[in-house]
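Everything on this sheet refers to the single structure shown next.
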Protein chains: 2
Amino acid sequence: MKPLKAVKLFSQIQNGNPVFSKSTEYALRATIFIARKASKEKKATIKMVAEGIGAPQSFTAKILQQLTKKNTGIISSVTGPSGGLYISGEAKKRSIFTVLELMGEIEVIEKCIMGLPKCNDANPCSMHKSYKIIKQELLRMLREKTIEELARSKDAIL
Amino acid sequence: MKPLKAVKLFSQIQNGNPVFSKSTEYALRATIFIARKASKEKKATIKMVAEGIGAPQSFTAKILQQLTKKNTGIISSVTGPSGGLYISGEAKKRSIFTVLELMGEIEVIEKCIMGLPKCNDANPCSMHKSYKIIKQELLRMLREKTIEELARSKDAIL
DNA sequence: ATAATTAAGGATATATTTATCCTCAATTGT
DNA sequence: ACAATTGAGGATAAATATATCCTTAATTAT
């Protein structure tokens with residue numbers, strides 16, 4: 001069985017979806033960046049974050065809005081001079097799952113791998129059982145990894 | 001730690017990306033449907049497949065084109081009366097990995113979970129190691145599951 | 001108070017994915 | 001050969017995700 005090449009180039013159909021959406025990728029990177037580089041005393045500006053994570057500035061701003069929403073946000077923001085973004089010690093203890101939850105990515109993971117709306121444990125698709133194992137391990141990993149922990153690995157590129 | 005709700009509704013940013021693209025979801029469903037319902041003697045038409053998997057007909061046709069391309073395709077197609085789609089016994093023995101490969105989904109899985117282009121084993125992001133384990137299990141599962149096997153589970157909804 | 005700085009948020013533009021439509025080519029049966 | 005059936009494939013449209021721009025609100029320092 002020789003390896004196949006994706007036929008993308010020969011087709012009108014493109015499959016460029018990342019596993020997580022680009023918004024979510026930026027959200028993860030921004031969270032880790034802020035946790036690592038900023039504090040209540042030394043906040044990071046959107047500009048700094050965008051440059052630090054290699055994402056467009058205005059779009060980064062939009063995503064950070066999602067993560068700073070009152071009663072849900074894990075990232076704190078302050079307007080005005082010497083304002084910016086930071087993550088409280090409390091919030092740093094939360095898991096990266098929280099970020100993905102705010103980005104609406106958890107319900108995506110929970111869905112049927114083949115996109116069947118009626119698929120569930122009682123009425124499973126043929127991949128359900130196999131995917132469920134993977135899914136559970138992924139979710140467990142996401143729940144265990146704290147923002148703090150990710151921020152602490154300073155040898156990592158992000 | 002109370003559970004959070006995604007802030008989708010309050011934001012301009014939507015995250016509707018499935019784990020696999022919709023095209024890939026359809027491709028998986030179509031493959032299993034054809035493997036289960038069709039044979040060289042009794043081919044399935046695009047119309048039958050589209051209805052069987054609950055996908056738009058013309059779009060299903062487009063996706064099936066990708067899976068029938070010469071030298072790469074796992075699905076066979078014949079034009080003309082009593083023509084249609086089927087999967088050879090040989091092809092049925094191949095894994096579902098093949099379908100995902102043709103849909104360009106494997107390289108998506110291989111990518112950095114945070115979308116960092118420079119992330120790799122030598123220069124990892126902070127989630128690299130954890131994600132790698134999940135990724136490998138997913139890929140192994142996909143490589144092991146044959147089309148035949150999925151088609152055989154007739155109690156499954158698809 | 002005023003000016004300066006910074007995020008919030010609405011409106012809009014661009015890119016990509018998803019979906020539809022129509023004509024053509026291939027095959028079959030008469 | 002001819003008509004009918006079916007997929008192939010190009011062109012285009014619609015929906016969604018990504019990205020930009022601009023004005024407003026909040027805060028700080030002078």
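Sequence lines set the chain letters: A, B, ... in the order given, protein chains first and strands last, and positions in each chain run from 1.
For A:Y26, whose side chain is taken as the heavy atoms from C-beta onward, the closest listed nucleotide among C:dT20, D:dA19, D:dC21 is D:dA19. In the set D:dA19, C:dA7, D:dA8, the nucleotide with an atom closest to the side chain of A:F59 is D:dA19.
One finds no side-chain N or O of B:S23 lying less than 4.0 angstrom from the OP1 or OP2 phosphate oxygen of C:dT17. Phosphate proximity of C:dA19 to B:K22: present, with a side-chain N or O under 4.0 Å from OP1 or OP2.
Here B:Q57 pairs with B:I46, B:K47, B:A50 under the side-chain contact (heavy atoms from CB on, under 4.5 Å) rule; sequence neighbours left out.
Of the N and O atoms on the side chains of A:H128 and A:N123, not one donor lies less than 3.5 Å from an acceptor on the other residue.
Panel note: side chain A:R36, backbone A:L150; a donor-acceptor pair is recorded below 3.5 Å. In terms of modelled atom types and a separation under 3.5 Å, the side chain of B:S126 and the main chain of A:L158 share a donor-acceptor contact. With hydrogens and angles disregarded, no donor-acceptor distance shorter than 3.5 Å links the side chain of B:K43 to the backbone of B:S77.
Distance OH (B:Y86) to P (D:dT6): 16 Å, rounded to an integer number of Å. Here the C1' atom of nucleotide D:dG7 and the CD1 atom of B:I75 are 13 Å apart, to the nearest Å. The interatomic distance linking B:L67 (CG) with D:dG7 (P) rounds to 14 Å, in whole Å. Taking atom CD of residue A:Q65 and atom C1' of nucleotide D:dT23, one finds them 13 Å apart after rounding to whole Å. Counting to the nearest Å, the C1' atom of C:dA7 and the CD1 atom of A:I34 are 12 Å from each other. One can place CD of B:Q57 at 15 Å from P of D:dT5, the figure rounded to the nearest angstrom. Put simply, CG on A:L85 is 12 Å from P on C:dT6, counting in whole angstrom units. One atom, CG of A:L64, and another, P of C:dT6, lie 15 Å apart when rounded to the nearest Å.
As judged by a 4.0 angstrom heavy-atom cut-off over every strand, A:S77 is placed among residues touching the sugar-phosphate backbone only.
Note that CG of B:L67 is 5.0 Å distant from OG1 of B:T31, once rounded to the nearest 0.5 Å. A:I113 contributes atom CD1, which lies 10.5 Å from atom CD1 of B:I96 (distance to the nearest 0.5 angstrom). In this structure, B:S130 OG and A:M141 CE are separated by 5.0 Å, a value rounded to the nearest 0.5 Å.
For the pair A:A27 and A:V99, the tightest heavy-atom approach, listed with the atom from each and the gap, is CB-CG1, 4.1 Å.
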Fill in: Contact letters for nucleotides 25-30 of chain D, in which S counts primed atoms plus P, OP1 and OP2 and B counts the base, heavy atoms under 4.0 Å
-BBB--
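Side-chain atoms of A:K62 come within donor-acceptor range of the base of C:dG10, with a qualifying N/O pair under 3.5 Å.
Near-neighbour residues of DNA chain C inside residues 40-56 of chain A, defined by a heavy atom below 4.0 Å, number-ordered: A:A44, A:T45, A:I46.
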